[in-house]
Amino acid sequence: MATKGTVLGVIANMVTLTVDGPVAQNEICYITTGGDRLMAEVIKVVGKNVYVQVFESTRGLKVGAEAEFTGHMLEVTLGPGMLSKNYDGLQNDLDKMEGVFLKRGQYTYPLDKERKWHFKPIVKVGDEVGPSAWLGEVEENHQPLKIMVPFQLTGTYKVKSVVPEGDYTIEDTVVVLSDKGGEDIKVNMIQKWPVKKAMTNYVEKPRPYKLLETGVRVIDTMNPIVEGGTGFIPGPFGTGKTVLQHAISKQAEADIVIIAACGERANEVVEIFTEFPELVDSHTGRKLMERTIIVANTSNMPVAAREASVYTAMTMAEFYRAMGLKVLLMADSTSRWAQALREMSNRMEELPGPDAFPMDISAIISNFYGRAGFVHLYNGATGSITFIGTVSPAGGNLKEPVTENTKKVARCFYALEQERADRKRYPAVNPIDSYSKYLEYPEFEDYITERINNQWTGKVNELKTRLLRGKEIAEQINILGDDGVPVEYHVIFWKSELIDFVILQQDAFDEVDSVTPMERQEDIVNMVIDICHTNFKFETFVEVMDYFKKMINICKQMNYSKYKSEQYEDFRKQLATLVAERSVK
């Protein structure tokens, strides 16, 4: 018999119930009020009293209302038909919803039960399989997807029967398995999995090391992220977080892109819905939306649904990783997710931590980021989830708890800076404050040596050192004036400006400059470092400034020219002539 409950008290979205039977942590229940069934999740159990967070507005909910428990946790329904979909945090299909605002108590099925999929079996009768083993394949939007043994099963099973290749719906039985006791288990194309529980359907999770090309120079060259890596982008309003996310989503070498808009303002979420379907995939030439899923929760939705949205998106990503696919998960923004955790913690009267966030905020963020990664599956294939979250610290303060705790677990840190944005130096990523810990990994060093050359890391570190030296001299010039600093200092400063303008700055709206392949990035780095190693002779700081401005102009024109085209080579010759004018042996 299902456990029943009665409402004892209501504080915003937190409701206290008294129950007549056993209840589990994170179990889902439905509270009936005014003809609506409101979905809620158990967050605390104290004797016969249970605290639940409701995923809907609790307006009009009265003491004495009845609740019924389901016996399972908050789950997502996984299967073919999720690509190109727009979901909310509870995986309701937003395209099936009526009206501008979601109606309270209205839930939709996330998949299409009528659509038929062309199923190709991979296994044959008599094969032994385990949980998450691949049974067959269907194609969705040119993407081969695997039909797998249910993740909840344990042990090994024999394939009793397999349907022949053909068209089936997601609810049709495609494989029948038999366990050791001779019981039959019917398998269709649908999987269900609780969102708060990480999937561990892999053999091992080694340290990731393969460079994930994004085409963004300030990331790939200066602070690379790897396939299965974690990174985060903090920055105040207007510094270009969304444009940078669009660029990474569009250009990164990923099979599936999942966007979690977690508690963003409605206008920003609308921007995602309107702009994302228009983006063209630079790898296939088709629409990027074909291989994208959007999970959206605006800031006016209840905090509980906001908290669920990032877990829903991560569970979907784990599902595709189990198929041996490369998944890119972008969350915007994890600050609002943390704010939802803070509100729930406050309502439960828990001891507050810094800035009133929960005391265990560090562990929550760490566990969530830990679900990303590069894995070896049981069949020898590999899959990965690369997770990049954005953080919107209040007032651009990078010392607040969410940024600080995310810094501890994310391996890449891309600090967006208001000053760079104000000077129109985009992407506004501060090259000195930002870092990538993957550069220190011996596995990454070996991979880069094989892929590019063994001097690459040394060159990247040299660029960073020169940028830091340039910043120090800029501060001296600012205090002492141009005449108060030696001419050779001006040369060092302008060499750092050359690195900034030619490597760090990039035009996201130019067809050529928006995407820079790794081969071209290597060429640009070598060219800039050769200039930095050249000794120049100048009499005054004005000569230095005029000369380097000409050089920067030629290099920028090269960035806008197709790689190794006639125009590109012509600019290269102009640059060589200009360098020869002032260089001294």
Side-chain angles (χ1 to χ4, degrees), residues 216-218 220-222 417 419-434 458-508 510 512-513 516 520-561 563 567-585:
V216 180
R217 293 191 291 272
V218 72
D220 294 352
T221 297
M222 305 299 288
E417 189 180 55
E419 191 194 343
R420 278 186 73 81
D422 292 343
R423 291 160 73 193
K424 298 290 180 275
R425 297 191 173 198
Y426 289 111
V429 176
N430 182 318
I432 295 161
D433 291 349
S434 304
K459 286 177 180 176
V460 170
N461 288 332
E462 184 186 334
L463 291 174
K464 289 186 174 185
T465 305
R466 287 184 178 276
L467 285 165
L468 183 59
R469 190 84 180 91
K471 186 188 177 193
E472 289 166 357
I473 291 169
E475 287 167 2
Q476 289 178 26
I477 293 170
N478 202 24
I479 296 165
L480 303 172
D482 289 319
D483 292 329
V485 174
V487 172
E488 56 267 30
Y489 276 35
H490 281 278
V491 175
I492 294 168
F493 167 71
W494 276 100
K495 282 178 178 176
S496 79
E497 286 289 271
L498 179 76
I499 295 167
D500 194 330
F501 276 95
V502 181
I503 297 176
L504 304 186
Q505 293 179 47
Q506 203 166 341
D507 190 341
D510 181 77
V512 176
D513 197 33
T516 310
R520 181 166 183 159
Q521 290 191 41
E522 184 191 1
D523 195 41
I524 294 170
V525 167
N526 291 339
M527 177 183 80
V528 170
I529 280 187
D530 285 345
I531 294 170
C532 288
H533 286 173
T534 306
N535 292 319
F536 295 102
K537 179 82 173 132
F538 298 101
E539 299 299 325
T540 66
F541 73 86
V542 177
E543 287 179 10
V544 180
M545 184 171 67
D546 291 344
Y547 180 75
F548 272 93
K549 278 184 176 176
K550 280 184 202 167
M551 193 184 288
I552 286 168
N553 187 42
I554 293 171
C555 293
K556 292 280 275 184
Q557 296 303 320
M558 283 177 73
N559 281 346
Y560 286 119
S561 309
Y563 187 49
Q567 190 184 23
Y568 181 89
E569 296 301 336
D570 184 44
F571 284 124
R572 188 122 209 190
K573 283 173 193 162
Q574 288 181 39
L575 185 66
T577 309
L578 187 65
V579 170
E581 272 180 29
R582 289 277 184 175
S583 63
V584 288
K585 295 285 184 260

**Request:** For the pair Arg572 and Glu569, find out whether any cationic side-chain nitrogen is under 4.0 Å from an anionic carboxylate oxygen.
**Result:** no
**Request:** Decide whether Tyr560 and Asp510 meet the rule of one side-chain donor and one side-chain acceptor closer than 3.5 Å.
**Result:** no
**Complete:** Closest non-hydrogen contact found for Gly470 with Ser496 is CA-OG, 3.4 Å
**Prompt:** Is Arg423 salt-bridged to Glu419, cutoff N-O under 4.0 Å?
**Reply:** yes
Considering only distance and modelled atom types, tabulate donor-acceptor pairs under 3.5 Å from the side chains of residues 475-483, sequence neighbours left out.
none

**Prompt:** Does some side-chain heavy atom of Thr577 sit less than 4.5 Å from a side-chain heavy atom of Gln574?
**Reply:** no
**Request:** First locate atom SG of Cys555, then atom CE of Met527, and finally report the distance between them rounded to the nearest 0.5 Å.
**Result:** 4.0 Å
**Message:** Go through it in stages, so that I can follow the logic: the residues are Val429 and Leu504, the test is side chain to side chain contact (heavy atoms under 4.5 Å, CB included), and I'd like the CA-CA distance, side-chain angles, deciding distance and then a yes or no.
**Reply:** CA-CA 8 Å; Val429 176; Leu504 304 186; over 6 Å; no
**Message:** How long is the straight-line distance from NZ of Lys556 back to CG of Leu498, given to the nearest 0.5 Å?
**Reply:** 11.0 Å
**Prompt:** Where do Ile432 and Leu467 come nearest, in terms of heavy atoms and distance?
**Reply:** CD1-O, 3.8 Å
**Asked** Do Glu462 and His533 come within less than 4.5 Å of each other through their side chains, counting heavy atoms only?
**Response** yes
**Message:** Please determine whether a side-chain nitrogen of the Lys or Arg among Arg420 and Asp500 lies less than 4.0 Å from a carboxylate oxygen of the Asp or Glu.
**Reply:** yes
**Least distance between heavy atoms, Lys495 atom then Cys532 atom** = NZ-O, 2.9 Å
**Asked** Around atom OH of Tyr426, are there more than 12 heavy atoms of other residues, nucleotides or ligands at under 6.0 Å?
**Response** yes
**Item:** Spacing of Gln521 atom CD and Tyr563 atom OH [to the nearest 0.5 Å]
**Value:** 11.0 Å
**Request:** Dump the intermediate steps for side chain to side chain contact (heavy atoms under 4.5 Å, CB included) on Ile503 and Val528, then the final yes or no.
**Result:** CA-CA 8 Å; Ile503 297 176; Val528 170; 4.1 Å; yes
**Message:** Strictly distance-based, threshold 3.5 Å: is any side-chain N or O of Lys464 a donor or acceptor partner for the main-chain N or O of Met222?
**Reply:** yes
**Prompt:** How many angstroms lie between atom CG of Leu463 and atom OG1 of Thr221, to the nearest 0.5 angstrom?
**Reply:** 8.0 Å
**Audit row: Leu575, Ile531, side chain to side chain contact (heavy atoms under 4.5 Å, CB included) steps and yes/no** = CA-CA 10 Å; Leu575 185 66; Ile531 294 170; 4.0 Å; yes
**Message:** Using every non-hydrogen atom in the two residues, find where Asn461 and Thr465 come nearest and quote the distance to one decimal.
**Reply:** O-OG1, 2.8 Å
**Fill in**
Minimal heavy-atom distance between Phe541 and Val487, with the atoms involved, is N-CG2, 4.2 Å
**Request:** Mark yes or no for whether Asn559, through its side chain, and Val502, through its backbone, hold a donor-acceptor pair below 3.5 Å.
**Result:** yes
**Message:** Using 0.5 Å steps for rounding, measure from the NZ atom of Lys459 to the CD1 atom of Ile529.
**Reply:** 6.0 Å
**Message:** I'd like to know if Asp513 pairs up with Arg217 as an ion pair, taking the criterion as any Lys NZ or Arg NE/NH1/NH2 lying under 4.0 Å from an Asp or Glu carboxylate oxygen.
**Reply:** yes
**Message:** Show the nearest heavy-atom pair for residues Ala428 and Ala421, with the distance to one decimal.
**Reply:** CB-N, 3.7 Å
**Item:** Approximate separation, where rounding is to 0.5 Å, of Lys471 NZ and Ile473 CD1
**Value:** 13.5 Å
**Prompt:** Below 4.0 angstrom, N of the basic side chain to O of the carboxylate: do Arg425 and Glu497 qualify?
**Reply:** yes
**Prompt:** Which pairs pass side-chain hydrogen bond (donor to acceptor under 3.5 Å, both in side chains) with one or both residues in residues 537-549, sequence neighbours excluded?
**Reply:** Glu543-Arg582
**Asked** Would a line drawn from the ring center of Phe536 to the ring center of Phe548 be shorter than 6.0 Å?
**Response** yes
**Request:** Run the numbers on Ile552 and Trp494 for side chain to side chain contact (heavy atoms under 4.5 Å, CB included), then give the verdict.
**Result:** CA-CA 10 Å; Ile552 286 168; Trp494 276 100; 4.0 Å; yes
